Amino acid sequence: TTVASPSPTTVASPSPTTAASPSPTSTARSDNAPIRVKQARARNYTGILNRVSQAYFVENERFTGDIDQVLKGFRSKPNSPNYDFSLALIDEKKAVQTIVVAKLEGLKSYTGLAYVTSLKSNSADTKAIICESDRPTQDKPAAPELVNDEAKCPSGYTQINSRRY
């Protein structure tokens, strides 16, 4: 059986319930799943963590590196035999990094960045990117860099999407 993607109880839009893949908490088939399925789940959860970090910023006017605080109100927390999930606060007013590191050989790792692009009178525009390692790795990625309000993936990683809210 699989566990549905986490759904927030108090977090306003953007909602991670639109995620297409199941949460990495579904481990029944996880160990036997093909590499592409394991990586798809990791990519999906990288995006979810980016989106809830953006929502957290909108609600609290700051980012946090506390994954439990960002996921407060969710039915499940990230848990996988294949990946470790964490957040790293870069600057509470500017950016937070999502880190999804492979636990097993042969899997790619992921990093993301939720960040503020501009502060306007009582509101902020946020964006997020997801970066995939160019090769399988179990090494923790460097943080994406912010250059002129645009995030750039760290060396050895390629951007696979970006999202603006």
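Everything numeric here is computed off the predicted structure, so don't read it as measured data. Both backbone and side-chain heavy atoms feed into the values below; hydrogens, waters and symmetry mates do not. Residues take their numbers from the sequence shown, with the count starting at 1.
With hydrophobic clusters built from ILVMFWY side chains whose heavy atoms lie under 4.5 angstrom apart, L107 does not share a cluster with V101. Hydrophobic clustering (side-chain heavy atoms under 4.5 Å, transitive across Ile, Leu, Val, Met, Phe, Trp, Tyr) groups L104 together with Y45. Follow the hydrophobic side-chain contacts under 4.5 Å out from I160 and you never reach I99; the two are in separate clusters.
Considering CD1 of I67 and CG of L71, their distance stands at 5.5 Å, rounded to 0.5 Å. Note: I130 CD1 to T46 OG1 = 5.5 Å, rounded to the nearest 0.5 Å. Considering NZ of K108 and CD of E132, their distance stands at 4.0 Å, rounded to 0.5 Å.
Side chains of I129 and C131 form a contact here, defined as non-hydrogen atoms less than 4.5 Å apart. Put simply, the side chain of K127 reaches to within 4.5 Å of the side chain of E150, judged on heavy atoms. The shortest distance between side-chain heavy atoms of S109 and D139 does not fall below 4.5 Å. At a threshold of 4.5 Å between non-hydrogen side-chain atoms, the residues P144 and C153 do not count as touching. Side-chain contact check for F63 versus V116: some heavy-atom pair is nearer than 4.5 Å. Under the 4.5 Å side-chain criterion, counting only non-hydrogen atoms from C-beta, Y110 is in contact with Y83. Looking at S53 and L87, their side chains come closer than 4.5 Å, going by heavy atoms from C-beta outward. Contact of the F85 side chain with the L49 side chain is registered, since non-hydrogen atoms from C-beta on lie closer than 4.5 Å.
The two residues V96 and A88 have their closest heavy-atom pair at CG2-O, 3.4 Å. Y115 and A95 get closest at one heavy-atom pair: CB-CB, 3.8 Å. Listed here is the closest heavy atom pair of L89 and G65: CB-N, 3.9 Å.
Residues passing the side-chain contact (heavy atoms from CB on, under 4.5 Å) test with T64 are Y56, R62, D66, Q69, V70, sequence neighbours excluded.
Sorted by first then second residue, the side chain to side chain donor-acceptor pair (under 3.5 Å) pairs that include residues 94-106, not counting sequence neighbours, are N50-T98, Q97-T111.
Donor-acceptor pairing under 3.5 Å is recorded for the side chains of Q54 and T126.
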